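Okay, so here's the structure we're looking at.
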Amino acid sequence: MNPPLIHIYEDALALAAAAALEASELLSRAPAERPLLVCLSGGSTPRPFHRVLATTYLDVIPWERIHIFWGDERYVPPDHPESNVRMAEETLLRDVPIPADQVHRISWSEGRSLEEAAALYDEELRRVAGGRGDVTFDLTVLGLGDDGHTASLFPGTPVLSETERWAAPGQAPPTAAVRERITLTYPALNASRHVFFLVAGPGKREPLRAILDDPTSAGNRFPAAAVSAAEQLHWFVDASAYGG
Ligand code: 6PG
């Protein structure tokens, strides 16, 4: 794997514009014969990134070939204010022509357990990504929490040790609005061809600098440090997160 590429921008909007340009180039130049699997992040940082994709690159990206997945979801109905699916629908998916059967939501259902929902998502991802060798996604977008989590891989949680399943139950800390999570695991994330971390804000500085300066030792404290990419890992960060 190539060393990570670090891109520093003055603010979150410049970061979003640069990441969207890179994503559009990556997706547009992919070989035309295969579907493109894109894994979206939750949280707030991806919002402006999604808007640039849906406007500036609406006529550039081969949307009809794209399959959408999520790196994690809060285990709530898809119309819930905390849902990552809802955020992506509102900021990207309702404005781009991706065929409905190519949007693979993590399926909350009344009475369905976290384990059942995770198993269903694991099965759906394997069905769509099967036959791609040891690659899952063409592009995975991730964020970074102030505690160094990514997706719903939170510090000190059992899912960090998952080596087989691609999707599994996760749990956010007591401070989170929604603790029950479904998350992709390191085996799924690290099999992505390209990974884009989008990181903005001074609250991310400690984990970001620890990960960039010494990812090996940072891995014990900050789960995002253990994310890699089959081809290229990119950090799109703003100056307030990167620091002096
Ligand atoms: C989630 C995200 C999570 C997010 C980070 C950063 O479900 O919350 O998947 O991993 O990327 O918490 O969130 P912000 O972009 O809002 O800072």
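Both counts, for ligands and for their atoms, begin at 1 and track the order of listing. Treat the numbers as computed from the prediction; the structure is a model and nothing was measured.
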Look at atom 15 (O) of ligand 1 and find which of D72, T45, L142 reaches it with the closest heavy atom.
T45
Please list the nearest protein heavy atom to atom 8 (O) of ligand 1 with its residue and the distance rounded to 0.1 Å.
R74 NH2, 2.8 Å
Is L198 touching ligand 1 with its side chain, its backbone, both, or neither, if touching means heavy atoms under 4.0 Å apart?
neither
What protein heavy atom is closest to atom 6 (C) of ligand 1, reported as residue, atom name and distance in Å?
L144 O, 3.5 Å
Heavy atom of the protein closest to atom 10 (O) of ligand 1 (residue, atom name, distance):
A151 O, 2.7 Å
Output the rest of the hydrophobic cluster of V178: all Ile, Leu, Val, Met, Phe, Trp and Tyr residues reachable through side-chain heavy-atom contacts under 4.5 Å, sorted by chain and number.
V76
In the protein, what heavy atom is nearest to atom 5 (C) of ligand 1, and what distance, to one decimal place, separates them?
H149 NE2, 3.5 Å
Ion pair D138/R132, N-O distance below 4.0 Å
yes
N/O separation below 3.5 Å, S152 to ligand 1:
no
Once you measure the plane-to-plane angle for H7 and H234, does it fall in the parallel (<30°), tilted (30-60°) or perpendicular (>60°) bin?
parallel
Would a line drawn from the ring center of F137 to the ring center of F69 be shorter than 6.0 Å?
yes
Checking a contact table here: which protein heavy atom is nearest atom 13 (O) of ligand 1, and how many Å away?
G43 CA, 3.9 Å
Charged N to carboxylate O below 4.0 Å: is that the case for D147 and R221?
no
Test item: T157 side-chain N/O and F154 main-chain N/O as donor-acceptor pair under 3.5 Å
yes
Could you work out, with side-chain hydrogen bond (donor to acceptor under 3.5 Å, both in side chains) as the rule, every residue matching D238, not counting sequence neighbours?
S240
Looking only at heavy atoms, is any part of S41 under 4.0 Å from ligand 1, and if so is it the side chain, the backbone, or both, or is it neither?
side chain
For atom 17 (O) of ligand 1, what is the nearest protein heavy atom, given as residue, atom name and distance?
K204 NZ, 2.6 Å
